[in-house]
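See below for the structure under consideration.
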Amino acid sequence: MVNGTKKNILAKNAEYLFFLLSVIPVFLFRDFTPNNELKYLSIADEAIRDGNIFAFMNHGAAYADKPPLYIWIVMLGKLIFGKHSLLFLGLFSVIPSLAIVRIMDKWVEGLYSEKVRQAGRIMLFTSTFYIGSAVVLRMDMLMCMFIVLSLRTFFIMFNGGINLRNRLLFPVFIFLAVFTKGPVGILVPLFSTVAFLIIRKQFRSLGRYWGWLTWVILILLSAVWFGCVYLEGGKEYFNNLIFNQTVNRAVDSFHHKAPFYYYLKTVWYIIAPWSLLVIGCVVVGIIKKSYANLTVQFFLSVFTVTLFMLSAISSKIEIYFLPAVPFLIYIALPVLDGTGSMGMKKTGIAIPSIIFTAVFPVLLVLKRQNPDEWSGVFFMVAGVILSLSGITSLYLTFRDKISIAVRPVGIGFLTAVFIGSFSLKDFGTETGFAVVTGAAKEYADNNYISNYYSFKIRSAENMDVYLGKSVNVIDTQEQDPLRLINPPALLFIRKYDYEKEGMGRNGNSEIIGTYGSYSIVVFKN
């Protein structure tokens with residue numbers, strides 16, 4: 001009986017294990033991205049050196065852009081392993097992504113058949129920006145998980161589950177969302193639940209959920225956080241965190257400013273390859289009034305409010321749309337589960353299936369044109385799998401098995417990600433700094449060189465994570481860059497820029513190695 005129970009548990013979780021295993025090689029074979037990921041590591045290293053916990057610095061400048069929770073996780077990994085582990089940090093993106101899929105699936109249990117719920121799980125996890133967020137080191141997926149947990153807790157209370165446990169969890173989840181990424185963590189749950197209560201004509205019951213206990217917990221936790229920020233960072237850092245990074249970004253952003261309709265334009269590739277299918281199902285559901293179910297009405301409220309709220313905020317990038325994605329996908333399920341609108345549904349799944357089918361033939365053409373660039377066996381195998389999955393999906397689609405036709409596309413996509421990940425190590429010199437800094441550090445240690453410089457390389461200041469010391473970034477407006485270099489020194493530069501600037505003409509420098517796009521130049525005494 002015990003063995004049977006274990007087998008049953010394993011069978012129920014096999015899909016989630018498959019999701020997890022499909023992306024693990026991404027963390028094993030790729031490098032930290034120079035911009036955001038390496039920046040977080042550099043900030044964490046600086047915080048450990050300086051003993052900061054709440055007020056962070058980025059190369060000596062105040063970094064109040066993000067709350068501390070994710071930086072704490074980065075610091076914890078460094079303290080545990082003695083170095084930054086991409087796999088360890090990656091788990092704080094991929095595990096929350098799996099948790100969200102699980103929460104949404106359990107939420108609709110009993111509403112839809114298993115085959116439609118499975119389609120929902122696959123579509124959510126394999127949506128472009130969802131799986132993309134699961135394999136990058138950012139705090140967005142963690143925040144999204146806490147938002148979904150808070151909304152799920154609200155809905156349980158709305159359906160009669162008002163008890164002390166849920167009344168405590170509701171504000172705690174909201175605070176953790178804020179503590180992970182910022183104000184969106186409270187704005188999405190607040191506006192979504194208020195809108196839903198208004199729609200249900202139960203606005204007077206708002207105090208049951210947003211009552212004194214909720215606000216006391218939120219205020220107390222926030223007061224402790226802000227108090228610690230003020231004590232450690234001072235008034236200027238505190239004002240930067242509270243006003244500049246919240247109010248100013250919302251009203252007149254200094255980063256990522258975009259027009260109101262931005263997400264209506266970008267949603268098509270945010271949820272690709274399911275865009276036509278999902279958006280088509282949502283439009284049909286609204287027209288045919290297929291949303292009589294209370295759960296789906298709540299999902300629709302959350303998605304609509306989140307869309308309008310994010311559109312009204314001045315700062316916009318695709319990743320900000322992440323909290324809306326689970327609800328958008330699951331709004332489509334009632335129509336996907338129905339027997340009508342077959343033409344729309346067939347079109348929605350057939351088009352991505354045709355694209356997948358064409359992948360391997362396209363790769364063959366590219367390989368014939370550029371054999372050196374497209375010689376990777378893993379890419380070719382991944383291409384074969386994508387094409388086979390597309391063919392299988394087309395076959396099922398034209399047999400009217402729409403929800404089942406989602407499976408081969410999703411499974412093929414994840415399998416291709418798994419296999420293609422083994423080629424990532426071949427691109428390490430193009431996508432990260434680990435290889436070039438490793439070679440530079442070895443040369444510097446052997447030749448007693450302690451000065452590092454960079455020229456026209458974005459985010460080169462974050463190389464300090466690998467080098468263990470600062471990199472002097474040369475101003476690109478400087479007419480004579482050589483004047484700023486204090487030899488003996490190593491310079492990180494692209495070979496093209498080295499030749500363009502004529503740095504080798506004085507005979508005092510030479511390229512000692514080129515790794516992908518980056519060259520290392522030694523300047524002698």
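Excluded from the calculations below are hydrogen atoms, water molecules and symmetry mates; all remaining heavy atoms, backbone and side chain alike, are included. Note that the structure is a prediction, hence the values are computed from the model and not measured. When a residue number appears, it is its place in the shown sequence, counting from 1.
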Rounded to the nearest 0.5 Å, what's the gap from CD1 on Ile174 to OG1 on Thr193? Could you check?
-> 7.0 Å

Nearest non-hydrogen partners of Leu294 and Phe196, listed with the distance | CD1-CZ, 3.7 Å

Using a 4.5 Å cut-off on heavy atoms from C-beta on, say whether the side chain of Val135 contacts that of Val417.
-> no

Expected output: side-chain Ser311 to main-chain Tyr261 donor-acceptor under 3.5 Å = no

Do you know which of Phe56, Tyr40, Phe92, Phe179 makes ring pair (Phe, Tyr, Trp, His ring centres under 6.0 Å) with Trp72?
-> Phe179

Pairwise side-chain contact, Val108 with Arg117, heavy-atom cut-off 4.5 Å (strictly under) = yes

For Thr415 and Ile411, which heavy atoms make the closest approach, and how far apart are they?
-> OG1-O, 2.7 Å

Shortest non-hydrogen contact between Phe356 and Gly390, atoms and distance = CB-CA, 3.9 Å

Atom OH of Tyr395: over 12 foreign heavy atoms under 6.0 Å = no

Please confirm whether the backbone N or O of Ser301 pairs with a side-chain atom of Thr304, one donor and one acceptor, at under 3.5 Å?
-> no

Would the number of heavy atoms belonging to other residues, nucleotides or ligands and lying under 6.0 Å from NZ of Lys115 be above 12?
-> no

With a 4.5 Å heavy-atom cut-off, do Lys346 and Asp400 have their side chains touching?
-> yes

Judged by atom type as modelled, is there a donor-acceptor pair below 3.5 Å linking the side chain of Thr347 to the main-chain atoms of Gly343?
-> yes

Atom CZ of Arg152 and atom NZ of Lys106: how far apart are they, to the nearest 0.5 Å?
-> 9.5 Å

In sequence, state the C-alpha distance, the side-chain angles, and the governing distance for Lys181 and Phe146, and then conclude on side chain to side chain contact (heavy atoms under 4.5 Å, CB included).
-> CA-CA 11 Å; Lys181 186 71 187 285; Phe146 289 129; over 6 Å; no

All heavy atoms of Gly185 vs all of Val178, minimum pair found to be C-CG2, 3.8 Å

With distance as the sole test, does Ser387 use its side chain to make a donor-acceptor pair with the main-chain N or O of Thr357 at under 3.5 Å?
-> yes

Inter-residue atom distance Ser113.OG - Leu333.CG, 0.5 Å rounding | 9.5 Å

Determine the minimum heavy-atom distance between Ile147 and Ala177, stating which atoms define it.
-> CG1-CB, 3.9 Å

With distance as the sole test, does Tyr130 use its side chain to make a donor-acceptor pair with the main-chain N or O of Ser97 at under 3.5 Å?
-> yes

Taking the six-membered ring where the residue is Trp, are the ring centres of Tyr518 and Phe433 under 6.0 Å apart?
-> yes

Derivation and outcome, side chain to side chain contact (heavy atoms under 4.5 Å, CB included), residues Leu169 and Met157 | CA-CA 11 Å; Leu169 285 176; Met157 290 194 293; over 6 Å; no

Hey, is OH on Tyr269 packed in by over 12 heavy atoms from elsewhere, all under 6.0 Å?
-> yes

Is the shortest distance from a Lys or Arg side-chain nitrogen in Glu15 or Arg102 to a carboxylate oxygen in the other one below 4.0 Å?
-> no

Kindly indicate whether the side chain of Met141, heavy atoms from C-beta on, has any atom under 4.5 Å from the side chain of Met145.
-> no

Starting at CZ of Phe175, measure out to OG of Ser222 and round the result to the nearest 0.5 Å.
-> 5.0 Å

Please walk me through it: do Leu69 and Leu142 pass side chain to side chain contact (heavy atoms under 4.5 Å, CB included)?
-> CA-CA 10 Å; Leu69 181 59; Leu142 194 61; 4.2 Å; yes

Is the closest side-chain heavy-atom distance between Val409 and Ser353 below 4.5 Å?
-> yes

Would you say the side-chain atoms of Ser192 pair up with the backbone N or O of Val305, donor to acceptor, closer than 3.5 Å?
-> no

Main-chain N/O of Leu386 paired to Ser389 side chain as donor or acceptor, under 3.5 Å = yes

Side-chain heavy atoms of Arg200 within contact of Ser205, under 4.5 Å | no

Using distance alone, with no hydrogens and no angle criterion, decide if Thr153 and Asn166 have a side-chain donor and acceptor under 3.5 Å apart.
-> no

Spacing of Trp274 atom CH2 and Leu124 atom CG [to the nearest 0.5 Å] = 11.5 Å

Looking only at atom types and distance, does a side-chain atom of Glu37 sit under 3.5 Å from a main-chain N or O of Phe32, one as donor and one as acceptor?
-> no

Step by step, would you call Tyr466 with Asp31 a side-chain hydrogen bond (donor to acceptor under 3.5 Å, both in side chains)?
-> CA-CA 12 Å; Tyr466 296 116; Asp31 191 6; 2.7 Å; yes

Any donor-acceptor pair under 3.5 Å linking the side chain of Ser459 with the backbone of Asn462?
-> no

Would you give me the side-chain donor-acceptor pairs under 3.5 Å for residues 321-331, sequence neighbours excluded?
none

Can you find a heavy atom in the side chain of Tyr263 that is under 4.5 Å from one in the side chain of Leu310?
-> yes

Say you draw a straight line from CE of Met309 to OH of Tyr320; how long is it, rounded to the nearest 0.5 Å?
-> 12.0 Å

Which pair of non-hydrogen atoms, one from Pro34 and one from Gly432, has the smallest distance, and what is that distance?
-> CG-CA, 4.1 Å

Dump the intermediate steps for side chain to side chain contact (heavy atoms under 4.5 Å, CB included) on Tyr16 and Asp105, then the final yes or no.
-> CA-CA 12 Å; Tyr16 296 95; Asp105 181 63; 3.9 Å; yes

Kindly indicate whether the side chain of Thr214, heavy atoms from C-beta on, has any atom under 4.5 Å from the side chain of Arg167.
-> no

Crowding at CZ, Phe260 (>12 non-hydrogen neighbours, <6.0 Å) = yes

Please answer whether the main-chain N or O of Trp210 pairs with a side-chain N or O of Trp215 as donor and acceptor at a distance below 3.5 Å.
-> yes

Under 30°, 30 to 60°, or over 60°: which ring-plane class applies to Phe155 and Phe158, parallel, tilted or perpendicular?
-> parallel

State yes or no: are the ring centers of Phe298 and Phe154 separated by less than 6.0 Å?
-> yes

